[in-house]
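Since this is a predicted model, take the numbers as computed values, not measurements. Chain A is the first sequence line, chain B the second, and so forth, proteins listed ahead of strands; every chain is numbered from 1.
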Protein chains: 2
Amino acid sequence: MVQHQTARLDATFAAISDATRRGVLDRLGRSDASITELAELFAMTLTGMKKHVGVLERSGLVVTEKVGRVRTCRLGPRGLDEEAAWLDAQRRRWAARFDELDHVLVELSNKERQHGKQRTE
Amino acid sequence: MVQHQTARLDATFAAISDATRRGVLDRLGRSDASITELAELFAMTLTGMKKHVGVLERSGLVVTEKVGRVRTCRLGPRGLDEEAAWLDAQRRRWAARFDELDHVLVELSNKERQHGKQRTE
DNA sequence: TTAATACTGAACCATATGGTTCAGCATCAG
DNA sequence: CTGATGCTGAACCATATGGTTCAGTATTAA
């Protein structure tokens with residue numbers, strides 16, 4: 001179960017680490033779109049866009065449905081809740097860590113003033 | 001400037017799309033650590049861990065400092081604010097889109113009840 | 001029926017990723 | 001000085017990514 005969550009975080013963060021795919025999500029936030037529409041919008045081949053949509057689909061962020069010859073893409077029901085939760089938890093720990101460091105830094109600068117340690121790089 | 005932001009989002013999301021690297025961020029949230037400590041914790045070679053740290057460093061999430069022969073890694077000052085902001089904006093659009101869809105779905109199901117369209121896949 | 005449209009899959013390409021081993025180099029302990 | 005420790009870089013490997021072209025298939029329009 002945790003394994004599963006981890007893999008999903010992997011897939012989703014990888015999916016949104018590409019500017020084109022973030023753009024596709026933006027676009028689908030306005031309205032559904034066909035592969036052709038998306039390919040034109042991002043100036044690439046149908047095949048190329050289909051791959052991007054495939055990545056988004058595998059991550060669960062987008063769902064598609066083919067009616068006749070056109071495949072319509074829309075935002076999936078899964079959303080980005082888990083990812084947002086991970087980010088927030090991390091940011092909280094980050095903040096806590098920096099609070100801690102404030103104290104440590106004060107101690108450090110006291111020590112350094114006393115017997116000045118050398119540093120590389 | 002926008003170009004720059006985009007590239008940074010790319011790099012950061014890519015950086016956190018790997019479970020090992022997310023683990024390293026977790027670990028550094030508790031305290032700073034050397035490459036050796038991190039490598040042992042995640043059961044991989046020093047060289048392998050150094051690459052991961054390199055990715056985190058290039059994304060700005062981690063900073064390192066070498067004193068003597070040990071390189072100490074810590075959380076960088078940059079944080080995940082921009083990424084959280086992007087995620088939140090996206091989630092808001094997502095929600096708005098689904099509100100919209102609620103209405104559309106009602107209309108659609110009315111139409112379909114009338115002249116039942118066929119679907120593939 | 002014919003032609004245009006929309007997608008699909010295979011194959012290819014260059015580059016990146018996630019890991020390894022091996023051979024160093026610098027530093028610290030004794 | 002010597003040896004162990006900690007890191008570093010180069011080279012290699014398998015696989016993935018982001019794109020392309022080309023050759024289809026299925027659907028719709030005329």
Gap between atoms NZ and P, on Lys50(B) and dA10(D) respectively (whole Å): 10 Å
Lys/Arg N to Asp/Glu carboxylate O, Glu83(B) vs Arg78(B), below 4.0 Å: yes
Whole-Å gap separating C1' (dT8(D)) and CD (Glu57(B)): 13 Å
Test: Glu57(B) and Lys51(B) ion pair at under 4.0 Å: no
Atom pair CZ (Arg71(A)) and OG1 (Thr64(A)), whose distance is rounded to the nearest 0.5 Å: 4.0 Å
Ion pair check, Asp32(A) and Arg27(A), cut-off under 4.0 Å: no
Under 3.5 Å: donor-acceptor pair, side chain of Trp94(A), backbone of Ala89(A): no
Nearest-angstrom distance from the residue atom CG of Asp18(A) to P of dT17(C): 12 Å
Polar side-chain contact Thr47(A)-dG19(D) base: donor and acceptor under 3.5 Å: no
Using a cutoff of under 3.5 Å, can you pull out all pairs of nitrogen or oxygen atoms linking the protein to nucleotides 3-6 of chain C, with atom names and distances?
unit_1	atom_1	unit_2	atom_2	d
dT5(C)	O4'	Arg69(A)	NH1	3.4
dT5(C)	O2	Arg69(A)	NH1	2.5
dA6(C)	O3'	Arg69(A)	O	3.4

Near-strand residues of residues 37-45 of chain A, defined as heavy-atom separation under 4.0 angstrom from DNA chain C: none
Side-chain N or O of Lys51(B) closer than 4.0 Å to phosphate OP1/OP2 of dG18(C): no
Met49(B) CE to dG18(C) P, straight-line distance once rounded to whole Å: 12 Å
Sidechain N-carboxylate O distance under 4.0 Å for Arg8(A), Glu82(A): yes
Below 4.0 Å: OP1/OP2 of dT17(D) and any side-chain N or O of His52(A): no
Backbone N/O of Glu37(B) and side chain of Glu40(B): donor-acceptor pair under 3.5 Å: no
Distance-minimising heavy-atom pair for Ala19(B) and Asp10(A): N-OD1, 3.5 Å
